[in-house]
Trainee: 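What follows is a structure written as structure tokens; I'll ask about it next.
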Amino acid sequence: MALDYALLDVFANAPFQGTQIPVVKLEGVETSDASKMAIASEFQQTETVFIEPGKDMPVSVFNGKGQQLFGAHTILAASYVAHEMGLAKDEGAFASFLFRQNQQLIESFIDTGNSASGSIQFARVLTPTIDRYTPEIPRLAAALNIDEKHISFSKYKPMVVSVDTPTLIIPVTKPEHVLAASLNAERWADLFGGVYTSELFLFAPGSITGSSEFHGRLLNPDLPGDVFPPIGNVMPEFIAYLAEQQDTAAGTHTLSIDRGSPDTRKSILHAEFDKKPGKEVKCRIGGNVIKMGVGELLYS
């Protein structure tokens, strides 16, 4: 049989930028989780979205290791194709589509004004867990192979934040120091037991695209030092981190953050969040999606 799929560039302001996400349409086809893992492995992308019309929750995300949580990239990719397939709800100037994750509904909003590319935004309510006790700056700097003066500055401090995945968020002074960082395996192993997470997110005020307030990079011990993976999956943690800062006043805040390097596919993510008394943070995360191609996957 032939399975239709679309290849999308997500959080991309131009073709061949952003993150590639394949979306496979399983119309009238029953597939097992093992089959979805095999198909995802065939695409060799970070994650693959599957849409099965007729199911109560028709969207799932897999990679070669198994089913994954929804992240910003896959929500935008699934929303784009769901709208094409007529699964989204027409709201007039836009369309909406619902996801369910961990008993929480996530609603996306699709700009219907452009069939080739468009802006998509989704809304979530975050209930983060915050841990301010992190290793000392000199130890973090040694583990990241950077000078400690490029971590320690007054407005932001390292912090572990968990919404979907516990993440150690580390502020760095400039984007070039984010790009230059690499994990020192021996030093990181020494810290690992004290931070309870292997995910690190480095960010700095500034931009490599000239179009954002921040630059960010995801690191973990399993990634090669010259890789700049998508950061959409840690955006809930980053937004919760910003909302937790004492200098962040109550009210609505907007921001944008880019990722990548001058020689790689660059992404720009836009977000806004509402800070109010209490732990919950309402946020909206969005960006541009560009349809790059369609095809058939021959599958038996």
Side-chain angles (χ1 to χ4, degrees), residues 1 3-12 18-43 45-91 94-112 115 117-126 163-165 230 232-236 269 283-297 299:
M1 71 182 72
L3 302 179
D4 292 335
Y5 70 87
L7 186 63
L8 308 178
D9 285 351
V10 181
F11 292 116
T19 300
Q20 289 181 322
I21 299 290
V23 183
V24 179
K25 305 173 186 178
L26 300 176
E27 296 184 89
V29 177
E30 288 290 335
T31 58
S32 65
D33 286 359
S35 296
K36 292 176 182 177
M37 289 167 61
I39 293 169
S41 296
E42 187 71 17
F43 282 109
Q45 300 297 335
T46 54
E47 291 163 315
T48 297
V49 173
F50 295 87
I51 299 184
E52 301 173 82
K55 290 196 171 184
D56 180 43
M57 286 290 122
V59 179
S60 59
V61 179
F62 281 77
N63 61 22
K65 297 179 180 179
Q67 188 167 3
Q68 305 296 306
L69 293 173
F70 293 121
H73 296 83
T74 50
I75 289 173
L76 265 63
S79 299
Y80 185 101
V81 175
H83 176 249
E84 281 194 329
M85 297 174 69
L87 302 179
K89 181 181 179 182
D90 185 0
E91 306 279 5
F94 63 94
S96 63
F97 189 68
L98 281 177
F99 301 80
R100 182 181 292 126
Q101 178 159 276
N102 296 333
Q103 307 306 312
Q104 182 184 115
L105 287 178
I106 303 171
E107 188 171 17
S108 66
F109 307 95
I110 304 109
D111 178 2
T112 59
S115 60
S117 66
S119 177
I120 301 176
Q121 184 182 78
F122 68 91
R124 283 192 65 178
V125 177
L126 312 178
V163 177
D164 298 321
T165 302
N233 286 6
V234 296
M235 284 298 288
L269 296 78
C283 73
R284 279 77 57 195
I285 302 169
N288 205 45
V289 177
I290 299 176
K291 188 176 183 179
M292 295 298 295
V294 296
E296 290 183 338
L297 184 70
Y299 170 78

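Side chains are part of it too, since the values below use all heavy atoms of this structure and drop only hydrogens, waters and symmetry mates.
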Trainee: Restricting to non-hydrogen atoms, name the atom on S41 and the atom on G64 that form the minimum distance, rounded to 0.1 Å.
Mentor: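 Here S41 and G64 meet closest at OG-CA, 3.2 Å.
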Trainee: Rounded at 0.5 Å granularity, tell me how far CZ in F122 sits from CZ in F99.
Mentor: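 Here the interatomic distance stands at 9.0 Å.
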Trainee: Which pair of heavy atoms, one from P236 and one from D164, lies closest together, and at what distance?
Mentor: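 P236 and D164 have their closest heavy atoms at CG-OD2, 4.1 Å.
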Trainee: Other residues, nucleotides and ligands only: do more than 12 of their heavy atoms fall within 6.0 Å of CD on E42?
Mentor: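 No, because the 6.0 Å sphere around CD of E42 holds 12 heavy atoms or fewer from other groups.
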Trainee: Please give me the minimum heavy-atom distance between I110 and A88, naming the atom from each residue.
Mentor: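 That closest heavy-atom pairing would be CD1-CB, 4.2 Å.
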Trainee: Using only atom types and a distance under 3.5 Å, with no angle test, would you say the side chain of E30 pairs donor to acceptor with the backbone of G28?
Mentor: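 Flag not set: sc E30 to bb G28 has no pair under 3.5 Å.
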Trainee: Please report the C-alpha distance between V294 and D4 in whole Å, then the side-chain angles of each, then the deciding distance to 0.1 Å, and finally whether the side chain to side chain contact (heavy atoms under 4.5 Å, CB included) criterion is met.
Mentor: CA-CA 7 Å; V294 296; D4 292 335; over 6 Å; no
Trainee: Are Q20 and L7 side-chain neighbours, meaning at least one heavy-atom pair lies under 4.5 Å?
Mentor: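 Result yes, sub-4.5 Å side-chain heavy-atom pair found.
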Trainee: Hey, mind stepping through I51 and V23 against side chain to side chain contact (heavy atoms under 4.5 Å, CB included) and telling me if it holds?
Mentor: CA-CA 7 Å; I51 299 184; V23 183; 3.8 Å; yes
Trainee: So how far is it from R100 CZ to I106 CD1, rounded to the nearest 0.5 Å?
Mentor: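 Going from the CZ atom of R100 to the CD1 atom of I106 covers 11.0 Å.
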Trainee: So among T19, N63, T74, N233, which one has a side-chain contact (heavy atoms from CB on, under 4.5 Å) with T46?
Mentor: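 Only one option passes, and that is T19.
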Trainee: Checking side-chain contact (heavy atoms from CB on, under 4.5 Å) against V49, which of V59, V81, V24 comes through?
Mentor: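 So, applying the side-chain contact (heavy atoms from CB on, under 4.5 Å) to V49 and each of V59, V81, V24, only V59 qualifies.
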Trainee: Could you grab the distance from atom CD of Q101 to atom CG of L69, nearest 0.5 Å is fine?
Mentor: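 The distance works out to 4.5 Å.
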Trainee: Minimum heavy-atom separation for G232 to A72, with atom names?
Mentor: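 Closest heavy-atom pair between G232 and A72: O-CB, 3.5 Å.
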Trainee: Among F94, Y80, F97, exactly one meets ring-ring contact (aromatic ring centres under 6.0 Å, His included) together with F109. Which residue is that?
Mentor: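 Single pass found, and it is F94.
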Trainee: Do I285 and R124 have side chains that get closer than 4.5 Å, going by heavy atoms?
Mentor: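 Counting from C-beta outward, I285 and R124 never come under 4.5 Å.
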Trainee: Would you give the length of the straight line joining atom CG of N288 to atom CG of L76, rounded to the nearest 0.5 angstrom?
Mentor: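 Here the rounded value is 9.0 Å.
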Trainee: Starting at OH of Y5, measure out to OG1 of T48 and round the result to the nearest 0.5 Å.
Mentor: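 These two atoms lie 11.0 Å from each other.
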Trainee: In Å and rounded to the nearest 0.5 Å, what is the CZ to CD1 distance from F62 to I39?
Mentor: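 Here the rounded value is 10.0 Å.
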Trainee: How close do T112 and A95 get, counting heavy atoms only, and between which atoms?
Mentor: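 In this case the closest contact between T112 and A95 is CG2-N, 3.7 Å.
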